[in-house]
Amino acid sequence: MKTFGLHLQALTLFCLTLCLQRTAAFDPKDIKTAINITWSSINFKTILEWKPKPENYTYTVEVSGKYTDWEKRCIRSMETECDVTSLLEDVKDTHTARVISDIPVTEDFVEEFPHAESPKFIPYEQTILGKPVIDSFELNKDDGKLNIFIKDAVTPYRFPNGSFKTIRDIFQNDLRYTLFYRKASSTGRKQVSSTTNEIVINAENGESYCFFVRATILSRKANRDSQDSDEKCTPDGHNDFDLNILVAVISAVVLIVIIIVLSVIICKCRKAKAEKSKETKPLNEI
Ligand SMILES: *[C@@H]1O[C@H](CO)[C@@H](O)[C@H](O)[C@H]1NC(C)=O
Ligand SMILES: *[C@@H]1O[C@H](CO)[C@@H](O)[C@H](O)[C@H]1NC(C)=O
Ligand SMILES: *[C@@H]1O[C@H](CO)[C@@H](O)[C@H](O)[C@H]1NC(C)=O
């Protein structure tokens, strides 16, 4: 009986140390709740970002829509960002994210994990439009029309047949392109809008035109406009000529410099060789 009691005491002591060790494995004070949670989204690719960098714990992200359950991404991650694009495919839904600070818990841990909630996010209203790209342009000299083709940016989302949806597929007539154009010789700018990705303007014969494109989502109150695309110009007689002359002159100068440098090097090499053979000859003869 006495030995049994002793055993029991030893067992309790053993258990106590074990339990203490387990709780000592993390200090709740080390575990921080996420702050400054932001959505960063371009053409529907969306990354959730937050602070601070975790030390001795991890984060897990959960996202839900108005009528959908919480779904997890980036489980037990040491990062402070998470690609949540795949959870936001219902682009008109209002989404909320939670960043949970994971605790390495034992089974008897009942408290809720510390977590922080993000601002609400509606991809359709809030994703930033990427800078549009002018795919190509075509000057028809016969009827004096300049056709400009804009590339509809692709999104990360796919049709059932596997091909990627473009921003046009998602926004449809809510997406408008505006072309800003001017004669290369003047600064007066005109503009024309279209809800297709081809824009046609009248071009005067012999004139060069410069133009860029901006995308707009008509239904939005904020973030309506994209950045402007790069400016492109149609080729033109005089400008082309000037540019060609410049390129020719630069090429000629570069070529002459190369020839001079090469001949100097070759000349020096020969001299050095000649001197070397002079020095070595007597030695060889000994
Ligand atoms: C978090 O955001 C607040 C404003 O919302 C800002 O004042 C603060 O500097 C930010 N903290 C960090 C660590 O960026
Ligand atoms: C993380 O754990 C290591 C080792 O246990 C410790 O040295 C370090 O101070 C901890 N860092 C923080 C921020 O608690
Ligand atoms: C896939 O489906 C979409 C919409 O139904 C269609 O616009 C697209 O052309 C299709 N792509 C292919 C490769 O069949």
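As the structure is a computational prediction, the values presented were derived from the model and not from experiment. First listed ligand is number 1; within each ligand, the first listed atom is number 1.
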- Query: Are Q126 and N223 close enough that a side-chain donor and a side-chain acceptor fall under 3.5 Å?
  - Reply: no

Exercise. Are any side-chain N or O atoms of S208 and backbone N or O atoms of T234, one a donor and one an acceptor, separated by less than 3.5 Å?
Worked result: yes

Polar pairs, ligand 3 vs protein, N/O only, below 3.5 Å.
residue  : atom   : partner : partner atom : Å
ligand 3 : 2 (O)  : N161    : ND2          : 2.4
ligand 3 : 11 (N) : N161    : ND2          : 3.0
ligand 3 : 11 (N) : S163    : OG           : 3.3
ligand 3 : 14 (O) : N161    : ND2          : 3.3

(Q) Tell me whether Y124 contacts the main-chain N or O of I170 through its side chain, where contact means a donor paired with an acceptor under 3.5 Å. (A) no

- [ ] Consider only side-chain N and O atoms of T96 and S64, and report whether a donor and an acceptor are under 3.5 Å apart.
- [x] no

**Row check, F211 ring normal vs K232 NZ/CZ: under 6.0 Å, within 45°** = no

For D225 and T216, what are the C-alpha separation, side-chain angles and deciding distance, and is it a side chain to side chain donor-acceptor pair (under 3.5 Å)?
CA-CA 4 Å; D225 295 325; T216 305; 2.8 Å; yes

